[in-house]
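Along the sequence shown, residues are numbered consecutively beginning with 1.
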Amino acid sequence: QVQLVESGGGLVQAGGSLRLSCAASGSIYSINIMGWYRQAPGKERELVAFISSGGNTKYADSVKGRFTISRDNAKNTVWLQMNSLKPEDTAIYYCNVDGTTTLGTDFGSWGQGTQVTVSS
């Protein structure tokens, strides 16, 4: 199985920055899409950003210009650099990774979630 380990969440004041990290390990042959989702209390989970193996990226409109997603294929790691944070960014952030296992099967794996809290 594929496991994800997230880090980087915490408490920050509005206008500050945080960098989230997600490292994948396990029976991985290749990784296709790496992305970040978030869910605030009482809200539905939403896609924040994703990056393909070729480096193509997409962002939610609410974070464009403030967040940057990047990856290191050799380390099976994806980061989310979050700048100019706003209270509305407060949520649990989840890493998601899709790819192919060493057995040739597709997989989708979720991280445990990391809390990001932005104070006014």
Side-chain angles (χ1 to χ4, degrees):
Q1 63 179 17
V2 177
Q3 298 175 335
L4 307 181
V5 178
E6 301 174 342
S7 64
L11 174 64
V12 65
Q13 292 184 335
S17 299
L18 286 173
R19 188 182 69 170
L20 306 183
S21 176
C22 175
S25 62
S27 302
I28 300 172
Y29 177 77
S30 63
I31 294 177
N32 184 19
I33 302 295
M34 307 184 81
W36 291 93
Y37 293 74
R38 68 185 182 187
Q39 186 169 19
K43 304 294 184 180
E44 294 185 354
R45 184 170 57 187
E46 64 174 345
L47 176 67
V48 178
F50 73 79
I51 182 169
S52 72
S53 60
N56 294 325
T57 59
K58 288 187 177 181
Y59 298 89
D61 289 340
S62 60
V63 307
K64 287 181 179 178
R66 300 187 298 119
F67 291 9
T68 302
I69 189 170
S70 60
R71 65 189 284 173
D72 185 331
N73 292 330
K75 297 182 178 180
N76 290 334
T77 300
V78 61
W79 296 270
L80 184 68
Q81 179 66 46
M82 304 185 294
N83 298 326
S84 301
L85 283 163
K86 305 174 181 179
E88 65 190 48
D89 295 318
T90 296
I92 300 176
Y93 285 70
Y94 298 91
C95 177
N96 178 257
V97 175
D98 294 331
T100 303
T101 70
T102 54
L103 296 178
T105 59
D106 295 335
F107 73 88
S109 185
W110 290 90
Q112 79 285 355
T114 183
Q115 177 70 50
V116 172
T117 303
V118 184
S119 63
S120 61

Taking only residues two or more places apart in sequence, or in another chain, which ones meet Ser27 in a side-chain contact (heavy atoms from CB on, under 4.5 Å)?
Thr102
Closest contact, heavy atoms only, Ser109 versus Leu4:
O-CD1, 3.2 Å
Side chain to side chain contact (heavy atoms under 4.5 Å, CB included), that's the test. Do Ser70 and Val78 meet it? Break it down for me.
CA-CA 6 Å; Ser70 60; Val78 61; over 6 Å; no
Sequence neighbours excluded - side-chain hydrogen bond (donor to acceptor under 3.5 Å, both in side chains) pairs with any residue from residues 1-22
Ser17-Asn83
Partner residues of Gln39 under the side chain to side chain donor-acceptor pair (under 3.5 Å) criterion, sequence neighbours left out
none
Within the distance-only criterion (no hydrogens, no angle test), does the side chain of Thr90 pair as donor or acceptor with the backbone N or O of Thr117 below 3.5 angstrom?
no
Asp89: which residues meet the salt bridge (Lys or Arg N to Asp or Glu O under 4.0 Å) condition with it, sequence neighbours left out?
Arg38, Arg66
Taking the side chain as C-beta and beyond, is there a heavy-atom pair between Leu20 and Cys22 under 4.5 Å?
no
If you look at every heavy atom in Gly108 and Asp98, which pair is closest and at what distance?
CA-OD1, 3.3 Å
For Asp61, check salt bridge (Lys or Arg N to Asp or Glu O under 4.0 Å) against everything at least two apart and list the hits.
Lys64
Hydrophobic clusters here meaning ILVMFWY residues chained together by side-chain heavy-atom distances under 4.5 Å, can you tell me if Trp79 and Val63 are in one?
no
Considering residues at least two apart in sequence or located in another chain, which fulfil the side-chain contact (heavy atoms from CB on, under 4.5 Å) criterion with Asn73?
Arg71
Just wondering, do Thr68 and Thr57 contact through their side chains at under 4.5 Å, heavy atoms?
no
List in chain and number order the residues that pass side chain to side chain donor-acceptor pair (under 3.5 Å) with Ser30, two or more places apart in sequence or in another chain; answer none if no residue qualifies.
none
So which heavy atom on Val116 is nearest to which on Gly9, and how close?
CG2-CA, 4.2 Å
Between Ala14 and Ser120, the two heavy atoms sitting closest are CB-CA, 4.4 Å
How would you list all residue pairs meeting salt bridge (charged side-chain N to carboxylate O under 4.0 Å, His left out) that involve residues 72-86, not counting sequence neighbours?
none
Residues in side chain to side chain donor-acceptor pair (under 3.5 Å) with Thr100, at least two apart?
none
Taking side chain as C-beta onward, heavy atoms only, is Ile31 less than 4.5 Å from Asn76?
yes
Closest approach of Thr101 to Phe107 (non-hydrogen atoms, all atoms of both residues):
CG2-CD2, 3.7 Å
Test side-chain contact (heavy atoms from CB on, under 4.5 Å) applied to Val12 - qualifying residues, sequence neighbours left out
Leu18, Leu85, Val118
Apart from Phe50 itself, which Ile, Leu, Val, Met, Phe, Trp or Tyr residues share its cluster (side-chain heavy atoms under 4.5 Å, direct or through members)?
Ile33, Tyr37, Leu47, Ile92, Tyr94, Trp110
A side-chain contact here means heavy atoms from C-beta on lying under 4.5 Å apart; do Leu80 and Met82 qualify?
yes
With the side chain counted from C-beta on, respond yes when Trp36 and Asn96 share a heavy-atom pair under 4.5 Å apart, and no when they do not.
no
Test of understanding: with ring pair (Phe, Tyr, Trp, His ring centres under 6.0 Å), list the residues that count as partners of Tyr59, not counting sequence neighbours.
none
